[in-house]
Amino acid sequence: LGLGDYGRDALAPFYDRVEAVLGVDYGAPQFLGAAAAAVARGADALGYRHKPLRRNAPDCDGQGLCCFGCPTDAKRSTNVSYVPQALRAGAQLFVGAQAQRLILEGGRAVGVEVESRFPHGPGGTLRPHFRVRAQAVIVACGALGSAVFLQSDARVKKALSRSGALGHNLTIHPAAGVFGIMPELVNSAGLPSIPQSYAIE
């Protein structure tokens with residue numbers, strides 16, 4: 001469901017809950033970096049609103065590797081947020097297991113067929129191929145991978161594409177680079193700093 005189904009105000013409690021788990025807050029001023037200061041000066045000159053970005057890294061110490069995995073676990077990625085919570089709640093985690101196809105019963109997903117890359121790992125408990133059944137099945141393969149996974153099985157494609165939306169309505173995060181000649185050294189890769197720390201609204 002999107003904002004059109006609920007409205008932004010109705011979704012606010014859900015966002016608040018997620019942001020609380022992830023510790024979303026503004027980056028510490030000492031780690032914003034020289035690029036952020038340059039953006040702020042330019043935005044002021046043009047009359048644009050601007051401020052630091054809110055991030056899911058409450059313990060950030062400016063390692064500068066946010067996109068590749070935080071070496072100090074300051075970023076609240078799933079390995080230090082939702083996965084530990086799920087394990088404490090009784091979830092099982094299979095490492096190196098790849099979903100092959102959904103299990104359908106009555107046109108409803110009730111599980112997934114899995115192929116393990118490490119069937120003889122610690123304990124040797126996993127078979128090369130096995131099934132996982134669940135009350136709820138969530139396909140979370142990213143904006144591109146989810147549609148590819150669901151469309152790869154004709155049975156699933158037929159059962160789940162009644163709306164005609166499967167594989168359509170893609171939303172991605174565009175990015176562009178901006179370069180300028182500055183009167184002072186602006187090393188956005190210099191440490192300690194946050195690679196993406198500042199925003200113009």
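The basis for the numbers below is simple: all heavy atoms, side chains too, and nothing from hydrogens, waters or symmetry mates.
- A search for side chain to side chain donor-acceptor pair (under 3.5 Å) contacts involving Ser152 returns nothing, not counting sequence neighbours.
- Shortest non-hydrogen contact noted between Ala147 and Gly167 is CB-CA, 3.9 Å.
- Cys141 is listed as a side-chain neighbour of Phe149, based on a closest heavy-atom distance under 4.5 Å.
- Enclosure of atom CD in Glu201 by more than 12 non-hydrogen atoms of other residues, nucleotides or ligands within 6.0 angstrom is indicated.
- Atom SG of Cys70 and atom CG of Asn56 lie 10.0 Å apart (nearest 0.5 Å).
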Q. What do the steps show when you test Asp61 against Gln63 for side chain to side chain contact (heavy atoms under 4.5 Å, CB included), and what is the final call?
A. CA-CA 6 Å; Asp61 58 356; Gln63 294 289 319; 3.1 Å; yes

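- Ile200 places none of its side-chain heavy atoms less than 4.5 Å from the side chain of Arg49.
- Hydrophobic clustering (side-chain heavy atoms under 4.5 Å, transitive across Ile, Leu, Val, Met, Phe, Trp, Tyr) groups Val39 together with Leu46.
- Applying the salt bridge (charged side-chain N to carboxylate O under 4.0 Å, His left out) rule to Arg133 yields the partners Glu105; only residues at least two apart in sequence or on another chain are considered.
- Remark: Glu184 pairs with Arg41 by the side chain to side chain donor-acceptor pair (under 3.5 Å) rule, at least two apart or across chains.
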Please assess Leu170 against Leu144 for the test side chain to side chain contact (heavy atoms under 4.5 Å, CB included), listing each intermediate value before the final yes or no.
CA-CA 8 Å; Leu170 174 65; Leu144 301 175; 3.8 Å; yes

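- Within 6.0 Å of atom CD in Gln30, more than 12 heavy atoms from other residues, nucleotides or ligands are found, so the atom counts as buried in its surroundings.
- Checked against Glu113 for a side-chain hydrogen bond (donor to acceptor under 3.5 Å, both in side chains), the options Arg101, His129, Gln100 give a single hit: Arg101.
- Contact annotation: the side chain of Val24 never approaches that of Tyr15 to less than 4.5 Å [non-hydrogen atoms, C-beta and beyond].
- When side chains are defined from C-beta on, Val132 does not count as touching Val137, because their heavy atoms never get closer than 4.5 Å.
- In this structure, Leu102 is a member of the same hydrophobic cluster as Leu166, with clusters built from ILVMFWY side-chain heavy atoms closer than 4.5 Å.
- Note that NZ of Lys51 and OH of Tyr198 are 10.0 Å apart. Values are rounded to the nearest 0.5 Å.
- Under the 4.5 Å side-chain criterion, counting only non-hydrogen atoms from C-beta, Asp25 is not in contact with Pro58.
- Under the 4.5 Å side-chain contact rule for hydrophobic residues, Val83 and Val21 do not share a cluster.
- Arg55 has its side chain within reach of Cys60: a pair of non-hydrogen atoms, C-beta onward, lies under 4.5 Å apart.
- Taking CG of Leu93 as the start and CG of Asn79 as the end, the distance is 11.0 Å to the nearest 0.5 Å.
- Taking 4.5 Å as the limit, every side-chain heavy atom of Arg131 sits out of range of all side-chain heavy atoms of Val114.
- One hydrophobic cluster, built from ILVMFWY side chains closer than 4.5 Å, cannot hold both Leu53 and Tyr26; they sit in different ones.
- Considering only residues two or more places apart in sequence or on other chains, Asp153 meets the side chain to side chain donor-acceptor pair (under 3.5 Å) condition with Arg155.
- Under the 3.5 Å distance criterion, the side-chain polar atoms of Ser197 are matched with a main-chain donor or acceptor of Leu32.
- Val156 and Val139 fall within a single hydrophobic cluster, where Ile, Leu, Val, Met, Phe, Trp and Tyr side chains are chained together by heavy-atom contacts under 4.5 Å.
- In this structure, Ser77 OG and Leu22 CG are separated by 9.5 Å, a value rounded to the nearest 0.5 Å.
- In this structure, the salt bridge (charged side-chain N to carboxylate O under 4.0 Å, His left out) partners of Glu19, at least two apart in sequence or on a different chain, are Arg54.
- Residues forming a side chain to side chain donor-acceptor pair (under 3.5 Å) with Asp59 (at least two apart in sequence, or on another chain): none.
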message = Does Phe130 form a side chain to side chain contact (heavy atoms under 4.5 Å, CB included) with Ser116? I'd like the steps, not just the answer.
response = CA-CA 8 Å; Phe130 60 98; Ser116 175; 4.0 Å; yes

